[in-house]
Amino acid sequence: MKAEDNNSRRNFLRMGMITTATAAVAGIGLSKVLSKDKAEKGSGEEVKVLSADGKVFVADSSHLKLKTHTPVTNAESRIGIPGKKFVMVIDLAKCEGCGKCTIACNKMHHLPKQREWIKVLEMQDSHDSAPYWFVKPCFHCDNPPCTKVCPVDATFKREDGIVAIDNERCIGCRFCMAACPYSARVFNWSEPMWVEYSAKQGDTTSKSTCCSKIEDVDPTDNDAPPERFFESKKGCVEKCDFCPHMAREGKLPCCVTGCGKDAIYFGDQNEDAVTNKSGQTVSLSQLLEDKAGYRFMEELGTKPRVYYLPPVNRQFPKPDMKNSESKS
Amino acid sequence: MEHNNQKLVEQVERELLSTIGQKYKNERFWIGLLTVISLFGVGAWIYQLKRGLGVTGMRDYVSWGLYIALLFFFVGISLIGALVSSVLRFTGTKWRYPLLRIAEAVTLSAILFAGVMPVLDMGHPERLYYLVTNGRIQSPILWDVLAIATYFTGSLIYFYLPLVPDLALMRDKLTGISKFRVWLNKFMAINWTGTPLQHKLLKRAMGIISVVILPCAISVHTISAWLIAMTMRTGWNTSIMGPYFVFGALMAGCAMMILVMALLRNGYRLQHYLGHTHFDKLGMLLLALTAFYLYLNINKYGVPAYNMEKDEKEFLDDLMFGRYKIPFWFVQIGGLVIPIILLSFKKIRSSIRYIVPVAALVMVGAIVNRYLIVVPNMLHPFVPIQHPLPGYDSYNPTWIEWAISTAGFTGFILFIILLFKPFPVITIWETMESVEKNGVDEVGLEYMSNQKYAPRYENYEN
């Protein structure tokens with residue numbers, strides 16, 4: 001859909017005019033007339049445009065700019081997706097510690113291999129109890145200690161339950177990292193690496209020299225940036241973001257679809273439904289009831305939005321704790 | 001007696017006026033050295049700004065390090081002003097007068113650098129103004145910024161108010177100083193002529209600020225304690241943190257005061273004015289504060305050590321018997337127990353030669369303890385650290401951090417030295433007033449007849 005030269009763009013726009021109404025429904029934003037800049041001469045070809053709020057007006061075709069992503073304003077990305085309450089369930093009985101969720105996450109967010117927004121840990125609660133794999137994303141707490149301490153509202157709680165970070169606002173004080181009891185947050189200590197997994201596995205380039213970004217979006221365009229909190233920036237804090245841009249399109253986060261064993265469910269608490277990789281949609285309350293779902297360190301009172309199903313009747317071998325002398 | 005006192009008052013005026021513009025011993029060398037170190041630190045900071053905080057030893061687990069430890073240290077030191085100027089004022093202590101301005105200068109410089117340290121630690125210092133444009137009052141950082149700004153302003157006022165009569169005195173009596181200095185003295189003396197009304201107003205203003213500054217001082221350090229106490233982390237999440245910080249700060253401030261006094265006494269030939277009485281009394285204060293701080297330490301570590309809750313156990317094991325055992329026991333034994341024993345002897349307390357190393361020991365212990373408050377806790381999060389990247393499971397400050405931190409210290413001392421270039425080290429009018437009323441012994445002045453130790457007369461003509 002990328003329009004390189006004027007001709008093809010014009011052609012596409014013509015086609016767009018015909019299908020404007022349907023396109024809007026389909027979620028392809030096609031409007032936004034640039035201000036009538038005198039310096040920029042139009043092509044003289046006038047086209048009728050239907051704006052997002054339903055108005056029809058005439059514009060020069062060369063003044064039109066194509067948006068291929070769902071337009072989401074800054075304000076909207078701070079509010080979140082209306083009517084949703086995102087929730088995740090991780091079935092520890094199904095997890096075999098393969099780490100594919102981490103790989104999928106890194107691929108989606110263009111993170112280098114060792115930078116883990118979702119971690120797979122080997123846990124053993126006491127000496128004689130059985131070890132198990134523990135998958136730890138950000139818990140997107142309902143009483144988040146991290147947003148409470150942020151001095152500039154750079155990290156905030158959205159109405160859809162997601163705890164997000166505005167990396168244009170973050171001052172890098174790292175108070176949120178100190179406040180998070182789950183070590184979910186990581187910091188860009190130096191210029192972050194932008195990893196292109198699609199081109200070549202592990203092909204890393206410095207972010208500043210990289211030009212192609214996800215969905216080809218101009219990040220300086222404040223009018224309609226996509227929901228992308230995850231773009232790593234030097235001197236800013238980042239973490240698991242529950243893939244809000246995927247949720248906006250009704251898709252599952254990449255760790256869910258990347259999981260090898262259907263161990264992660266994601267869904268909407270308002271709908272009381274969660275879905276796993278295979279597409280099985282089950283009732284959240286029923287799942288938590290049947291499998292004795294719990295939340296990690298409930299005693300902290302942070303009210304996480306991630307539930308765990310205990311590692312009972314495990315289908316896969318337990319981790320070998322000898323390899324991971326925990327703590328320090 | 002009356003006549004004798006009058007003569008002494010005149011001597012005090014003469015000697016203290018002559019300290020102004022006097023050069024500190026080897027002044028050029030010291031100022032040059034401190035400036036070079038400070039500038040090197042500035043260079044290191046510019047390098048850090050360009051490369052990012054990756055040039056420091058901090059990583060995702062230990063995300064706060066030396067800079068935050070120093071922030072706590074400087075905020076702590078700054079409490080000495082409130083202790084000397086307010087608390088000693090309320091108790092009617094007569095020997096406090098010669099210490100007042102030194103204490104306020106230390107406070108002013110310390111709180112200034114306490115404001116600088118967190119900026120050095122920021123990932124995006126250029127976004128600092130967001131604290132104003134997008135500030136959220138729920139965040140303890142906002143409280144800290146407000147408290148530091150308030151305390152700095154209050155300390156500035158408290159530094160300036162008692163300076164006004166001195167500036168008038170300098171305006172009237174100093175000769176042979178540069179035109180700029182003449183203008184500065186005149187401008188800053190704001191037409192002070194010493195009328196009874198002016199005296200009354202000044203005394204009242206100083207009375208108000210001495211009351212107001214005390215809650216400011218306590219809040220500023222309590223809030224820096226809350227920066228860590230208000231997180232859910234083992235070892236930090238404890239209600240003792242506020243008093244622990246405040247009393248640790250008073251202790252460190254007292255030790256710093258002794259050290260700075262010793263330096264100025266030597267450097268400016270103030271042997272008449274900073275005498276054994278002052279060191280002895282401050283030594284006693286330091287003894288009380290170290291003893292109380294030891295008590296707080298026993299509470300802070302002893303109670304969780306008895307309970308041995310799982311996470312506390314791992315943390316305390318690391319602190320007391322693991323990686324941090326040497327600094328930990330140094331702070332407890334070297335920085336507290338030994339100084340308490342030494343300071344118990346009057347001989348040591350009242351000998352300037354002996355009390356300075358003891359104060360230095362307390363000071364080093366206080367700095368190391370700030371480091372221990374910040375760093376080891378961060379290595380013990382609730383979720384275990386597993387398969388960390390190299391360098392992520394420990395914290396070793398890099399030379400960049402050392403350079404910047406050292407520059408913080410030298411800048412702190414440099415600021416004090418520069419502050420005493422245009423202004424007298426010892427408040428002249430208050431000392432004179434007190435000598436007139438109470439006599440030299442009560443104020444703690446000594447050897448007044450021994451001219452060997454008197455400041456040289458340079459800019460003063462009778």
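Any value given below was found using the heavy atoms of this structure, including those in side chains, with hydrogens, waters and symmetry copies removed. Here is the naming used below: chain letters follow the sequence lines, and residue numbers restart at 1 for every chain.
- Closest heavy-atom contact between B/Arg127 and A/Asn167: NH1-O, 3.0 Å.
- Within 6.0 Å of NZ in B/Lys300 there are more than 12 heavy atoms belonging to other residues, nucleotides or ligands.
- Contact detail for B/Ile141 and A/Cys173: the closest heavy-atom pair is CD1-SG, 3.5 Å.
- Among B/Leu128, B/Ile137, B/Thr231, the residue with the largest count of heavy-atom pairs under 4.5 Å with chain A is B/Thr231.
- Put simply, the side chain of B/Asp60 gets close to the backbone of A/Phe187: a donor and an acceptor are under 3.5 Å apart.
- Nearest heavy atom pair, residue A/Cys150 against residue B/Arg136, reads O-NH1, 3.2 Å.
- With a threshold of 4.5 angstrom between heavy atoms, B/Met378 approaches chain A through side-chain atoms but not through N, CA, C or O.
- Surrounding CZ of B/Phe40 are at most 12 heavy atoms belonging to other residues, nucleotides or ligands under 6.0 Å away.
- At a 4.5 Å heavy-atom cutoff, the contact between B/Leu227 and chain A is made by backbone and side-chain atoms alike.
- Atoms CD and CZ, on A/Glu299 and B/Phe382 in that order, are 8.0 Å from each other to the nearest 0.5 Å.
- Interface summary for chain A: among B/Val55, B/Leu389, B/Ile68, the most heavy-atom pairs under 4.5 angstrom belong to B/Leu389.
- Listed options B/Pro140, B/Pro125, B/Gly135 were ranked by heavy-atom pairs under 4.5 angstrom with chain A; first place goes to B/Pro140.
- A/Ser183 and B/Pro381 make their closest contact through OG-CB, 3.4 Å (heavy atoms, listed as atom of the first residue, atom of the second, distance).
- Salt-bridge formation is detected for the pair B/Asp121/A/Arg174: a Lys NZ or Arg NE/NH1/NH2 atom is positioned less than 4.0 Å from an Asp or Glu carboxylate oxygen.
- By the 4.5 Å heavy-atom criterion applied to side chains, A/Val149 and B/Met230 are not counted as neighbours.
- Counting all heavy atoms, side chain and backbone alike, B/Leu49 lies closest to A/Lys234 at O-NZ, 3.5 Å.
- For the residue pair A/Glu168 and B/His124, no side-chain donor N or O sits within less than 3.5 Å of a side-chain acceptor on the partner.
- Residues of residues 137-148 of chain A that come within less than 4.5 angstrom of chain B, heavy atom to heavy atom, are A/Pro145, A/Thr147, A/Lys148 in numerical order.
- Environment of CD in B/Glu309: crowded, with over 12 heavy atoms of neighbouring residues, nucleotides or ligands closer than 6.0 Å.
- Rounding to the nearest 0.5 Å places OG of B/Ser63 at 10.5 Å from CZ of A/Phe175.
- For residues 234-242 of chain B, heavy-atom neighbours of chain A at less than 4.5 Å comprise B/Trp236, sorted by residue number.
- Residues B/His387 and A/Leu121 fail the side-chain proximity criterion, which asks for heavy atoms closer than 4.5 Å.
- Side-chain contact between A/Asp153 and B/Tyr130 is absent, with no heavy-atom pair separated by less than 4.5 Å.
- Listed for the B/Arg233 side chain is a donor-acceptor partner under 3.5 Å among the backbone atoms of A/Ala178.
- For A/Phe296, the part lying near chain B is the side chain, with the backbone staying farther off; criterion is any non-hydrogen pair under 4.5 Å.
- Annotation: maximal heavy-atom pairing with chain A below 4.5 Å, among B/Arg51, B/Met58, B/Glu126, occurs at B/Met58.
- Contact record, B/Leu131 with A/Ile171: CD2-CD1, 4.2 Å, taken as the closest heavy-atom pair.
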